[in-house]
Undergrad: 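Attaching a single structure in structure tokens format; questions to follow.
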Amino acid sequence: MRAHPRLRAQRGAEMSEHVSDLGDGKNDDPLYRLRHSLAHVMAQAVLDMRPGSTRGFGPPIDTGFYYDFVLSEPITAEDFPEIEKRMKRIIKGRQKFEREDLPIADALARLEEMREPYKVEYARELAEKNGLDTLSFYTNGPFVDMCEGPHVDVTSRLPKGAFKVRSVAGAYWRGDERNQMMTRLYTWAYTSKEELEEAVRRHDEALRRDHKKLGPALDIYHIDDEVGKGLPLWLPNGTAIRDELEKVAKEKEFRGGYQRVVTPHVTKANLYHLSGHLPYYEDVMYPPMVVEEQEGDEKVVKEKYYLKPMNCPHHHRIFAARKRSYRDLPIRLAEYGTVYRFEHHGALSGLLRVRGMSMNDAHIYCTEEQIHDEFLAVMQMHKEYFELLGITDYYMRLSLWDPEDPKGKQKYVDNPQAWERTEKLVREAMLEADLPFVEVKGEAAFYGPKVDIQITTVTGREETFSTNQLDFAVPQADRMNLTYVGADGAEHHPYIIHRAPLGTHERFVAYLIEHFGGAFPTWLAPVQVRIIPVSEKYLAYGDKLATALRNDLVRVELDSSDEKLGKKIREGTVRKIPILLVVGEQEQEAESVTVRRYGEKEQASMPFTQFSGELGEEIRSRVMRRKPGI
RNA sequence: GCCCACGUAGCUCAGUAGGUAGAGCACCUCCUUGGUAAGGAGGAGGUCACCGGUUCAAAUCCGGUCGUGGGCUCCA
């Protein structure tokens, strides 16, 4: 389950010491200085070209920097060469960067005079919130900016050929859609031309792995205008991948003591009032289906049904449907449930952000004493999935509430003791699971702390792909009022762990496509084996093998096209099919096959029975023969 | 939703200054029966996203709609 956009605030507020490789220390980094200084140079160039424009933020980022402006006249990609030309001229101009510290009042006066309302706003905030009594300014040539620094000492130290204006985009002032829309210019920036070229090359390379390209190309999914935005159609190849993932999940959950349930796609409105979701989630839900009845002259609303945006309330009703004893706990209810969310039109993107998605969902109802073991088991399940799929490029985020958040009362259930207790329990489980994580305040769910697993897509965007939440609030009397009878004969409210290690099929498959570059391990590949007869004469033999493999539940295709062998090999390789079997006269006579594996140079001939035995074992044990890659 | 760009055959793209459309791949047919990354010939396929406007004439110019892509805190 993703955080509500409104609540997705205050990134990186506080990092814990559990961080291994996420250290910042960026202010001392020469590259940081370079990018930061170059940002000033670009701002100078842009303000020259568009007099009367005002500035927002202009920070260094992983690939260079960006700068936000409210422009007097729009800038498009056609203006990039001009910007670059002017930047180079400024660099050549040997402008010195000079720092100056002004008392707050003087700083504000200067910013007012510069007609920089956004800088004024931020300066006020720095003074008030952070209690600064001076603010620093940097001047280079005719350009002045309020800035913490540090910078290079003179513009001529900046490399002229190692940056490139990349793109222009819209961005709200401080990321809030209620604020002014600014124009953001992204720029690549490195220390040398070679590094820049290498970065651009890597970027282009990554784009080739983009699931939005590979997904349709490999017939995994299709998005059709007539069906609707964000509502992908899963083609046979994509469905095979989903089915395999579900198979793994069902096995793991079965062994982990989960029980499977199935719940409907639509539900009466009141359930979401009970759960507390409707008031809070309504703008992400599809509009309701309204049942009306004619009463006299008037139409009266009898019922409202919503497409379900999450599975939890349904599972809670299953829990509540019977009297529960402490002896029954923990109860673990699992479902690959399909949910629908009316995400912002502009936020939709391939399989990554959709409006209908199937979650690897489950809810664990347990006592406080059981939380530790249950949470630990969930995290260990994550570990197993990551090992199975060779996933290493992720980090875990322990998302906590923020007691200092001014809007805390609306954002979080008001129960400080419960927050402190549950956060401690989750932290302990994480430490015991021995998984590195960072702690971030202000990212919790409204009902409790959670652990989010963050991944970075090939295009460099960070996404949450799975989350595990501890919920102490929803079972309480004022919400779903879930209870069990304790050993003492009295009723108690259980705790709930919401967990979805594989996230949603949509996002997970998008990630896997990019992770594997479309070349899936055999067990997961939509087509596992393609049989290629050397010529038409051996079609019958190929067909015989295909039938035998299909009988063993192998996803196999027979290439019966009237093409030359080389062409058929190429076709199979382009489709990234893990195993191509070449069969001709020799193979037919020996009842053998020649095995050609994707990405492997060596090919081997062996008796067909040996091949099918080894293949069966490879699929059953879900081994990964190659490192993820293209 | 908002900012910018884009929308020509299933896919990738060309179409110069408004004069009713073209390539490669894929698809179909025929020839070829070929041992490891594209054999040859022919054919079919488009209301140039949709709606409206300007014009003798619109893929091309203008407006709107729909869709796609890049963005929308990595915080002086």
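This is a predicted model, so every value here is computed, not measured. Below, chains carry the letters A, B, ... as their sequence lines are ordered, and counting in each starts from 1.
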Undergrad: Name all residues meeting the salt bridge (charged side-chain N to carboxylate O under 4.0 Å, His left out) criterion together with Asp543(A); count only those two or more places apart in sequence or in a different chain, and write none if there are none.
TA: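 With neighbours one apart ignored, the set is empty.
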Undergrad: Are the side chain of Arg35(A) and the backbone of Ala189(A) linked by a donor-acceptor contact shorter than 3.5 Å?
TA: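 At least one qualifying donor-acceptor pair exists.
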Undergrad: With the sugar-phosphate defined as primed atoms, P, OP1 and OP2, and the base as all remaining atoms, what B/S/- string results for nucleotides 4-9 of chain B, 5' to 3', for protein heavy atoms under 4.0 Å?
TA: SS----
Undergrad: Respond yes when some side-chain nitrogen or oxygen of Lys576(A) is under 4.0 Å from OP1 or OP2 of A37(B), and no when none is.
TA: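 So the side-chain polar atoms of Lys576(A) never come under 4.0 Å of the phosphate oxygens OP1 or OP2 of A37(B).
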Undergrad: Which nucleotide, in any strand shown, forms a Watson-Crick or G-U wobble pair with A14(B), with both distances under 3.5 Å?
TA: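 Pair assignment: A14(B) / none.
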Undergrad: Are any of Lys213(A)'s side-chain N or O atoms less than 4.0 Å away from OP1 or OP2 of G69(B)?
TA: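 Checking G69(B) against Lys213(A), no side-chain N or O comes under 4.0 Å of OP1 or OP2.
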Undergrad: Describe the nucleic acid contact of Phe137(A) in one word from base, sugar-phosphate, nothing, applying a heavy-atom distance below 4.0 Å.
TA: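 Nothing, no nucleic acid heavy atom in range.
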Undergrad: Taking atom types as modelled, is there a side-chain donor on Gln454(A) or Thr464(A) under 3.5 Å from an acceptor on the other?
TA: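 Judged by distance alone, the side chains do pair up.
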Undergrad: Assign Gly566(A) to base, sugar-phosphate, or nothing according to its heavy-atom contacts below 4.0 angstrom with the strands shown.
TA: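 The residue Gly566(A) makes sugar-phosphate contact but no base contact.
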Undergrad: Lys229(A) side chain: which of G67(B), G35(B), G34(B) is closest?
TA: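 Looking only at heavy atoms from C-beta outward on Lys229(A), the closest nucleotide is G67(B).
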Undergrad: Within the structure shown, what part of the strands sits under 4.0 Å from Asp145(A) by heavy-atom distance: base, sugar-phosphate, or nothing?
TA: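 If one applies the 4.0 Å heavy-atom cut-off, Asp145(A) turns out to touch nothing in the nucleic acid.
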Undergrad: Please state whether the phosphate of U68(B), meaning OP1 or OP2, lies under 4.0 angstrom from any side-chain nitrogen or oxygen of His345(A).
TA: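 His345(A) to U68(B) OP1/OP2: no side-chain N or O under 4.0 Å.
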Undergrad: For C2(B), take OP1 and OP2 only and decide whether either is under 4.0 Å from a side-chain N or O of Tyr172(A).
TA: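 For C2(B), neither OP1 nor OP2 has a side-chain N or O of Tyr172(A) closer than 4.0 Å.
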Undergrad: Categorize Leu580(A) for me: base, sugar-phosphate, or nothing, with a 4.0 angstrom heavy-atom threshold over every strand shown.
TA: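 Here Leu580(A) touches no strand at all.
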Undergrad: What contact category does Lys119(A) fall into here, base, sugar-phosphate, or nothing, at under 4.0 angstrom with non-hydrogen atoms?
TA: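 It contacts sugar-phosphate atoms only.
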Undergrad: Contact class for Arg596(A) vs. all strands (heavy atom < 4.0 Å): base, sugar-phosphate, or nothing?
TA: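 Arg596(A): base contact, heavy atoms under 4.0 Å.
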Undergrad: Go through the side-chain N and O atoms of Tyr186(A) and Arg184(A) and say whether any donor and acceptor fall under 3.5 Å apart.
TA: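 Short answer, yes.
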Undergrad: What's Ala347(A) touching, base or sugar-phosphate or nothing? Going by heavy atoms closer than 4.0 Å.
TA: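 Base contact.
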